[in-house]
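Sequence lines set the chain letters: A, B, ... in the order given, protein chains first and strands last, and positions in each chain run from 1.
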Number of protein chains: 2
Amino acid sequence: MGKKDPDSYLFLDKQLCFSLYSVSNAMGRAYRPLLKKLDLTYLQYIVMMVLWQYSTMNVKELGGKVHLDSGTLTPLLKRLEAKGLIIRARGQQDERVRIISLTDAGKNMRLQAEQVPQAMLSKSKMNVDELTALKKSCDILLLNLNNHNSA
Amino acid sequence: MGKKDPDSYLFLDKQLCFSLYSVSNAMGRAYRPLLKKLDLTYLQYIVMMVLWQYSTMNVKELGGKVHLDSGTLTPLLKRLEAKGLIIRARGQQDERVRIISLTDAGKNMRLQAEQVPQAMLSKSKMNVDELTALKKSCDILLLNLNNHNSA
DNA sequence: TTAATTTAAGTTGTGCGCAATTAAGTTGCT
DNA sequence: AGCAACTTAATTGCGCACAACTTAAATTAA
């Protein structure tokens with residue numbers, strides 16, 4: 001079961017990773033016109049989602065949620081601050097920490113954003129059960145890849 | 001079946017797209033140490049794979065295979081050329097076309113690259129049938145998203 | 001209580017992705 | 001032939017991702 005011709009391993013159309021990579025790019029392109037109305041990129045939208053849920057977070061906690069580090073997040077957060085959506089304060093007990101919170105404009109954007117997931121669901125042309133199953137497989141793979149194994 | 005609380009749509013851990021995005025990033029990170037030996041990025045590896053399979057291709061055909069355009073590919077191909085892996089010739093019947101082909105060094109790299117898919121399979125800690133099923137779902141979603149629907 | 005270590009965030013540099021534009025070559029039409 | 005329409009690449013500019021490094025603050029250890 002599941003046997004493959006070893007000679008074919010380097011063929012693009014056999015590789016899961018390439019499908020994953022392509023569909024992730026395609027997803028980003030599909031979001032773009034929807035998020036243009038909010039003047040957000042996909043990652044900015046993701047960060048806003050975290051803040052809508054948790055209200056306040058420092059850079060490290062945020063990085064844990066979105067699987068990214070300060071190298072990516074710091075400039076992104078500066079852009080969100082420049083747009084007037086968030087505040088980047090310093091922790092008073094620990095001066096190293098940046099505490100990110102939403103402005104009123106940032107909070108209000110949530111209402112606009114609530115239409116995005118439905119629009120994407122429609123673009124996917126798949127039903128919720130199929131998407132849930134796909135998500136579950138992705139989450140398992142993500143977990144396996146993140147347990148930096150030696151092999 | 002498959003009913004969800006509408007209030008939860010904007011929660012990160014409910015969103016397939018975020019899983020897809022995260023696993024695609026994680027995949028890139030997992031490839032990095034393997035491809036470092038070949039001095040290739042993931043996309044460069046993908047392009048080399050296409051050339052190992054088809055020997056010769058112009059930018060447009062290549063873009064069709066990898067779902068990317070000249071804005072991404074032209075600088076990448078220049079870097080592969082600088083590494084001595086490919087040749088970027090002009091079409092003789094049509095001067096607009098760039099014909100990409102492999103140098104001997106580029107052809108020889110295939111032997112080294114053949115170990116990469118197995119190493120990634122091992123990192124995934126999933127079996128081939130699971131990965132095949134996941135790939136199939138991704139391919140369907142990719143197709144749906146690429147049929148730029150209006151909805 | 002200094003000194004060493006650790007931690008949080010920021011900085012720098014490279015390489016994508018992609019929209020928008022440009023340049024140059026080809027085709028079609030009359 | 002002449003010119004508009006189209007096609008192929010290349011270019012420009014922005015925003016990620018990420019490795020490697022730096023800075024500054026906090027913690028620990030001696």
Counting only side-chain nitrogens and oxygens, does [X] get under 4.0 Å of the OP1 or OP2 atom of [N]?
X      : N       : answer
R90(A) : dA9(C)  : no
R29(A) : dC18(C) : yes
N58(B) : dA9(D)  : yes
T74(A) : dG10(C) : yes

Salt bridge between R110(A) and E114(A), side-chain N to carboxylate O under 4.0 Å?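 Salt bridge between R110(A) and E114(A), a charged N being under 4.0 Å from a carboxylate O: yes.
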R88(B) with E81(B): basic N within carboxylate O range, under 4.0 Å: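 Looking at E81(B) together with R88(B), the answer is yes, because their closest N to O distance falls below 4.0 Å.
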With DNA chain D as reference, determine whether S24(B) or K78(B) sits nearer its 5' end, using the nearest nucleotide of each.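 That would be K78(B).
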Would you indicate what [X] reaches in the nucleic acid, counting non-hydrogen atoms under 4.0 angstrom: base, sugar-phosphate, or nothing?
X      : result
Q93(A) : sugar-phosphate
L76(B) : sugar-phosphate
T41(A) : sugar-phosphate

Side chain of [X] only, please: which of [options] is the nearest?
X      : options                   : result
V97(A) : dC18(C), dA9(C), dA17(D)  : dA9(C)
R79(B) : dC16(C), dC16(D), dA9(C)  : dC16(C)
S70(A) : dG10(C), dA17(D), dA19(C) : dG10(C)

Measure [atom1]/[X] against [atom2]/[N] and give the value in whole Å, please.
X      : N       : atom1 : atom2 : value
L43(A) : dC16(C) : CG    : C1'   : 15 Å
E95(B) : dA10(D) : CD    : C1'   : 15 Å
L35(B) : dG15(C) : CG    : C1'   : 14 Å
M27(B) : dC16(C) : CE    : C1'   : 12 Å
N25(A) : dC18(C) : CG    : C1'   : 9 Å
R98(A) : dT23(D) : CZ    : P     : 17 Å
K60(A) : dA26(D) : NZ    : P     : 16 Å
I99(A) : dA9(C)  : CD1   : C1'   : 13 Å

Do other residues, nucleotides or ligands put more than 12 heavy atoms under 6.0 Å from K83(A) NZ?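 Yes.
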In terms of heavy-atom contacts, does NZ of K65(A) have more than 12 from other residues, nucleotides or ligands at under 6.0 Å?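 No - once you tally the heavy atoms of other residues, nucleotides and ligands closer than 6.0 Å, there are 12 at most.
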With a 3.5 Å cut-off and just heavy-atom distances, do the side chain of R96(B) and the base of dT7(D) make a donor-acceptor pair?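 Indeed there is one.
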Among V59(B), L77(B), L76(B), find the one that has a side-chain contact (heavy atoms from CB on, under 4.5 Å) with S70(B).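 So the option named by the test is V59(B).
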5'-most contact on DNA chain C: K83(B) or L68(B), nearest heavy atom basis?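 It is K83(B), whose closest nucleotide lies nearer the 5' terminus.
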Check whether S124(A) reaches the backbone of L121(A) with its side chain - one donor and one acceptor, N or O, closer than 3.5 Å.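 Here the side-chain-to-backbone pair exists.
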